[in-house]
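For the numbers below, each heavy atom of this structure counts, side chains included, while hydrogens, waters and symmetry mates do not.
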Amino acid sequence: MGSFNTSFGEGFILVGFSDWPQLELILFIYILIFYSLTLFGNTTIIILSQLDPRLHTPMYFFLCHLSFLDLCYTTSTVPQLLINLSGLDRTISYGRCVAQLFIYLSLGGTECVLLVVMAFDRYAAVCRPLYYTTIMNPLRCQSLAIAAWVGGLMNSLIQTSLMMAMPLCGLHYLNHFFCEMLVLQKLACEDTGGTEAKMFVARVIIIVVPAALILGSYAHIAQAVLRIKSMSGRRKAFGTCGSHLLVVCLFYGSAMYTYLQPMGSYSESEGKFVALFYTIIIPMLNPLIYTLRNKDVKGALWKVLGRGRSSG
């Protein structure tokens with residue numbers, strides 16, 4: 001049982017769903033379909049936001065960032081999973097594993113902060129409508145987007161560095177379909193209570209603090225909406241915020257369930273299926289959630305489709 005975290009020549013075998021061989025073909029088909037829908041849906045939102053002048057607003061500026069983030073987020077894990085499910089290659093080198101962990105944590109952290117920024121945008125739109133264009137000016141929007149990406153990067157640097165400092169022992173099997181931090185932690189061969197405590201604090205800061213800020217902003221939004229006398233005004237306010245709130249509940253709910261439970265109670269088998277939800281299902285649902293309830297996006301889509309037919 002020797003430590004091997006310093007040997008970059010040695011890698012891991014990703015167990016994936018080989019424990020359930022009867023599910024692998026079904027999972028491969030469904031995940032390939034979901035991944036294709038994720039690529040199509042998020043790319044469509046980015047293209048529409050650039051083409052239609054009506055979507056050149058702060059809300060869609062941040063939505064573009066979220067869509068690009070989801071494209072990167074799924075692509076950091078799903079191609080590896082599809083190769084794993086096909087049985088072609090279940091191995092991953094130590095260097096690629098660390099890179100995947102770093103990218104995955106960076107993108108996940110960025111989404112945590114970006115959802116706070118989007119909640120602030122909705123707060124400004126509903127609670128400060130007269131000053132909205134002043135508050136959410138282009139320079140501030142760009143600064144907030146950069147802050148989200150830098151925040152995610154810093155979180156990943158801290159957690160990945162702490163993870164790499166842990167001596168790992170035993171068999172090189174990871175009971176997951178990607179280099180999940182909690183699964184890597186279980187390979188630690190020394191008492192790493194101090195390091196695990198630091199990593200847990202980092203997870204609390206990147207998950208719980210943003211969630212609390214979002215809840216606070218929506219408490220103010222709810223108060224402002226209830227003061228609106230017209231039903232049409234209330235409906236419009238709830239419509240602009242409902243989509244974002246649903247995305248927040250899905251993302252933070254799965255993140256808290258996975259990363260804020262004690263290490264001793266974490267189940268690797270269960271964790272794989274929960275990971276499918278937040279790495280594949282949520283990024284696929286985000287474009288649907290924002291477009292199905294949004295007249296502007298649907299209008300922009302029909303406009304582009306109509307222009308395509310007329311040019312054809």
TODO: Find out whether Phe251 and Tyr278 are in side-chain contact, i.e. whether some heavy atom of one side chain is under 4.5 Å from a heavy atom of the other.
DONE: no
Open item on the list: Applying side-chain hydrogen bond (donor to acceptor under 3.5 Å, both in side chains), can you list everything that pairs with Arg140, at least two apart in sequence or on another chain?
Closed with: none
TODO: Measure from the side-chain N and O atoms of His176 to the backbone N and O of Met181, and report whether any donor-acceptor pair falls under 3.5 Å.
DONE: no
Task: Qualifying disulfide (SG to SG under 2.5 Å) pairs, either residue in residues 56-124, two or more places apart - done: Cys97-Cys179
TODO: Applying side-chain hydrogen bond (donor to acceptor under 3.5 Å, both in side chains), name anything that partners Asp89, two or more places apart in sequence or on another chain.
DONE: Thr91
Task: Flag, side chain of Thr160 to backbone of Leu157, donor-acceptor distance under 3.5 Å - done: no
Task: Residues forming a side-chain contact (heavy atoms from CB on, under 4.5 Å) with Ser18, sequence neighbours excluded - done: Val15, Glu24, Arg90
Open item on the list: Clusters formed by hydrophobic residues whose side-chain heavy atoms approach within less than 4.5 Å: which one holds Ile205, and what are its other members?
Closed with: Val201
TODO: Return yes when atom CZ of Phe68 has more than 12 non-hydrogen atoms of other residues, nucleotides or ligands closer than 6.0 Å, and no otherwise.
DONE: no
Open item on the list: Could you check whether any side-chain heavy atom of Leu276 comes within less than 4.5 Å of a side-chain heavy atom of Phe34, counting everything from C-beta outward?
Closed with: no
Task: Residues which pass side-chain hydrogen bond (donor to acceptor under 3.5 Å, both in side chains) with Gln100, listed by chain and number, not counting sequence neighbours - done: none
Open item on the list: Looking at His56, I'd like to know if its NE2 atom is crowded, meaning that more than 12 non-hydrogen atoms belonging to other residues, nucleotides or ligands lie closer than 6.0 Å.
Closed with: yes
TODO: Flag the pair Gln159 / Met163 as yes when at least one side-chain heavy-atom distance between them is below 4.5 Å, and no otherwise.
DONE: no
- [ ] Using the salt bridge (Lys or Arg N to Asp or Glu O under 4.0 Å) rule, collect all pairs that involve residues 206-223, keeping only residues at least two apart or in two chains.
- [x] none
TODO: Please check if the side chain of Lys186 supplies one atom and the backbone of Asn175 the other of a donor-acceptor pair under 3.5 Å.
DONE: no
Open item on the list: If the condition is side-chain hydrogen bond (donor to acceptor under 3.5 Å, both in side chains), which residues does Ser143 pass it with, not counting sequence neighbours?
Closed with: none
Open item on the list: I need the Ile221 CD1 to Leu226 CG distance, nearest 0.5 Å.
Closed with: 12.0 Å
- [ ] Return each pair, listed once, that meets salt bridge (Lys or Arg N to Asp or Glu O under 4.0 Å) where at least one residue sits in residues 50-77; pairs must be two or more places apart or across chains.
- [x] Asp52-Arg54
Open item on the list: Is it the case that over 12 heavy atoms from other parts of the model lie below 6.0 angstrom from the CE atom of Met256?
Closed with: yes
Task: Test side-chain contact (heavy atoms from CB on, under 4.5 Å) applied to Thr110 and His65, step by step - done: CA-CA 10 Å; Thr110 300; His65 277 267; over 6 Å; no
Open item on the list: A side-chain contact here means heavy atoms from C-beta on lying under 4.5 Å apart; do His244 and Leu115 qualify?
Closed with: yes
TODO: Can you label the angle between the Phe17 ring and the Phe273 ring as parallel, tilted or perpendicular, going by 30° and 60°?
DONE: perpendicular
Open item on the list: Applying ring pair (Phe, Tyr, Trp, His ring centres under 6.0 Å) as the test, list every pair that has at least one member in residues 98-120; sequence neighbours left out.
Closed with: Tyr73-Tyr104, Tyr104-Phe178
Open item on the list: For residues 264-282, which residue pairs pass the salt bridge (Lys or Arg N to Asp or Glu O under 4.0 Å) check, not counting sequence neighbours?
Closed with: Asp19-Lys272
Open item on the list: With side-chain hydrogen bond (donor to acceptor under 3.5 Å, both in side chains) as the rule and sequence neighbours excluded, what pairs involving residues 26-37 come up?
Closed with: Tyr35-Thr75
